Amino acid sequence: MATKSLKAKGNDLAVSNKQLEILNGGIFADGELPYFKDQIAKIGHFPLRPKKLEILQINVGYMCNQVCEHCHVDAGPDRKEIMTRETMQLCLEVIKNTGAHTLDLTGGAPEMNPDFRWFVEEAAKAGIKDFIVRSNLTIIRANKKYHDLPDFFKKHNVHVISSMPHYTRGKTDKQRGDGVFDKSIKALQELNERGYGLPGSDLRLDLVYNPSGAYLPGDQAAMEKDFKKALKEDFGIQFHNLFAITNLPIARFLDYLIASENYEDYMYALVEAYNPSAVANVMCTNTISISWDGWLYDCDFNQMLDLKVASKVKHIKDYNEDILNDRNIIISQHCYGCTAGAGSSCQGTVA
Ligand code: SF4
Ligand code: SF4
């Protein structure tokens with residue numbers, strides 16, 4: 001279990017170029033495995049282009065109360081990159097005028113940004129159809145000042161999406177840290193008490209599963225059934241949907257793959273599971289990702305690799321949806337994670 005971010009440890013992989021060197025070199029440069037661009041060219045999807053913008057995903061900072069083993073953000077308590085109110089103001093202008101129907105706030109733990117509540121209150125006024133906050137659940141129990149978050153979420157009709165790697169204590173704590181399971185269960189119960197996740201409730205509560213090792217997720221629908229049964233029987237917890245997400249080989253998961261000597265096998269598994277029918281709907285085709293300092297990316301993964309959008313509009317201060325939508329999406333071998341099996345995105349499978 002990592003206790004510090006790669007950045008705090010001075011790990012080489014904290015530098016995005018180092019990660020890209022690995023993803024573009026080795027078994028791909030040797031021709032053992034095909035480059036992602038060559039695979040998608042075969043089905044006429046290279047260059048990969050956006051469709052209609054539907055989701056604005058805003059990363060309000062990399063600070064987190066947890067240091068999960070597989071975090072693609074390399075988040076942790078030591079990360080100080082936090083969106084300022086000034087950048088939030090620029091985001092609010094965009095939120096008011098966007099054609100996107102979904103606003104997705106993520107982090108780190110977005111709630112740790114000191115201006116988080118102000119931003120949610122202001123953004124909620126824009127009346128965007130689906131307003132998501134990605135909460136790691138434990139933040140709700142981390143400190144007294146966060147205990148009222150379930151009421152705050154309810155007040156602003158926020159759609160809560162939370163990571164829950166497994167319905168057993170052992171698997172969850174192994175991936176996310178000791179004590180995470182018990183705190184997550186308590187937080188889910190509190191959300192249920194406010195009406196979140198109940199059948200027919202408008203207060204949406206979805207969970208995210210990602211594998212705790214170097215393997216691909218199983219069938220999303222079957223896992224949802226298992227999670228629902230176990231959480232209901234053991235803890236009386238209810239939720240709406242389970243999203244199964246593939247771990248992409250970047251940041252701490254890449255470090256884990258290399259350290260455990262699973263990197264090549266994992267890349268083979270992703271390439272073997274490549275599903276051409278997932279390509280048309282990968283997340284970057286309907287999403288723009290905004291970083292804590294206002295730069296624009298095709299997705300949160302490209303943000304962590306510092307691959308800014310290939311557009312003359314690169315920063316929120318110059319935001320123009322029409323210009324942005326007319327761009328080629330930047331891809332690399334990590335993209336195989338989005339097209340393996342039933343595909344993977346922040347909203348689960350795509351194929
Ligand atoms: S996976 Fe989520 S909860 Fe875990 S360290 Fe990363 S941002 Fe924090
Ligand atoms: S990693 Fe990002 S750019 Fe690559 S396919 Fe997935 S969403 Fe698109």
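For ligands, and for the atoms within them, numbers begin at 1 and follow the listed sequence. Computed from a prediction, not measured in an experiment: that's the story for all the values here.
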### Task
Using a cut-off of strictly less than 2.8 Å, determine whether Cys338 has an N/O/S atom near atom 6 (Fe) of ligand 2.
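Coordinating: yes.
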Residue [X] vicinity, atoms of ligand 2 by number, heavy atom under 4.0 Å:
X      : answer
His334 : 1 (S)
Cys299 : 1 (S), 2 (Fe), 3 (S), 7 (S)
Leu248 : 1 (S)
Ile330 : 3 (S)

#### Entry: Pair Thr287-Glu54, side chain to side chain donor-acceptor pair (under 3.5 Å): steps then yes or no
CA-CA 6 Å; Thr287 302; Glu54 296 181 271; over 6 Å; no
### Message
If we ignore hydrogens and angles and just use 3.5 Å, is the side chain of Asn143 paired with the main-chain N or O of Tyr146 as donor and acceptor?
### Response
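No, because the side chain of Asn143 does not come within donor-acceptor range (under 3.5 Å) of the backbone of Tyr146.
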### Query
Any donor-acceptor pair under 3.5 Å linking the side chain of Asp78 with the backbone of Lys4?
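No; judged by distance alone, with no hydrogens or angles, the pair does not exist.
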### Task
Could you check if a side-chain atom of Tyr297 sits within less than 4.5 angstrom of a side-chain atom of Leu305, using non-hydrogen atoms only?
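In short, these two side chains do not touch, never coming nearer than 4.5 Å.
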Could you see which bit of [X] sits under 4.0 Å from ligand 1, with heavy atoms only: side chain, backbone, both or neither?
X      : value
Arg252 : side chain
Asn136 : side chain
Cys64  : side chain

### Message
With respect to atom 6 (Fe) of ligand 1, please indicate if Cys71 possesses an N, O or S atom at a distance under 2.8 Å.
### Response
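So Cys71 counts as coordinating atom 6 (Fe) of ligand 1, yes.
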### Query
Where does the angle between the aromatic ring planes of Phe116 and Phe152 fall among parallel (under 30°), tilted (30 to 60°) and perpendicular (over 60°)?
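Because their plane-to-plane angle lies in the 30° to 60° range, the rings of Phe116 and Phe152 count as tilted.
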Please list, in number order, the atoms of ligand 1 under 4.0 Å from a heavy atom of [X].
X      : answer
Ala75  : 6 (Fe), 7 (S)
Gly108 : 7 (S)
Gln66  : 3 (S), 4 (Fe), 5 (S)

### Ionic contact status for Arg194 with Glu190, cut-off 4.0 Å
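Salt bridge absent between Glu190 and Arg194.
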### Query
Taking the six-membered ring for Trp, are His72 and Phe301 ring centroids under 6.0 Å apart?
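Yes, the ring centres sit under 6.0 Å apart.
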### Point-to-point distance, once rounded to the nearest 0.5 Å, from CD of Glu321 to CD1 of Ile323
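Going from the CD atom of Glu321 to the CD1 atom of Ile323 covers 11.5 Å.
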### Query
How close does the nearest protein non-hydrogen atom get to atom 2 (Fe) of ligand 1, and which residue and atom is it?
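That would be Arg176 NH2, 4.2 Å.
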### Message
Please compare Pro50, Cys335, Ser332 and report which has the shortest non-hydrogen distance to atom 4 (Fe) of ligand 2.
### Response
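Among Pro50, Cys335, Ser332, the closest heavy atom to atom 4 (Fe) of ligand 2 comes from Cys335.
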Heavy atoms only, cut-off 4.0 Å: how does [X] contact ligand 2, side chain, backbone, both, or neither?
X      : value
Cys284 : both
Asn302 : side chain
Thr285 : neither

### Task
Run through Glu224, Arg134, His159 and flag the one making a side-chain contact (heavy atoms from CB on, under 4.5 Å) with Asp206.
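Running side-chain contact (heavy atoms from CB on, under 4.5 Å) over Glu224, Arg134, His159 with Asp206 returns exactly one hit, His159.
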### Query
Which of these, Ser212, Cys71, Pro165, sits in a side-chain contact (heavy atoms from CB on, under 4.5 Å) with Arg176?
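With Arg176 as partner, Ser212, Cys71, Pro165 yield a single side-chain contact (heavy atoms from CB on, under 4.5 Å), made by Pro165.
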### Message
Test side chain to side chain donor-acceptor pair (under 3.5 Å) on Asp293 and His315; report intermediate values, then the result.
### Response
CA-CA 9 Å; Asp293 48 358; His315 195 271; over 6 Å; no
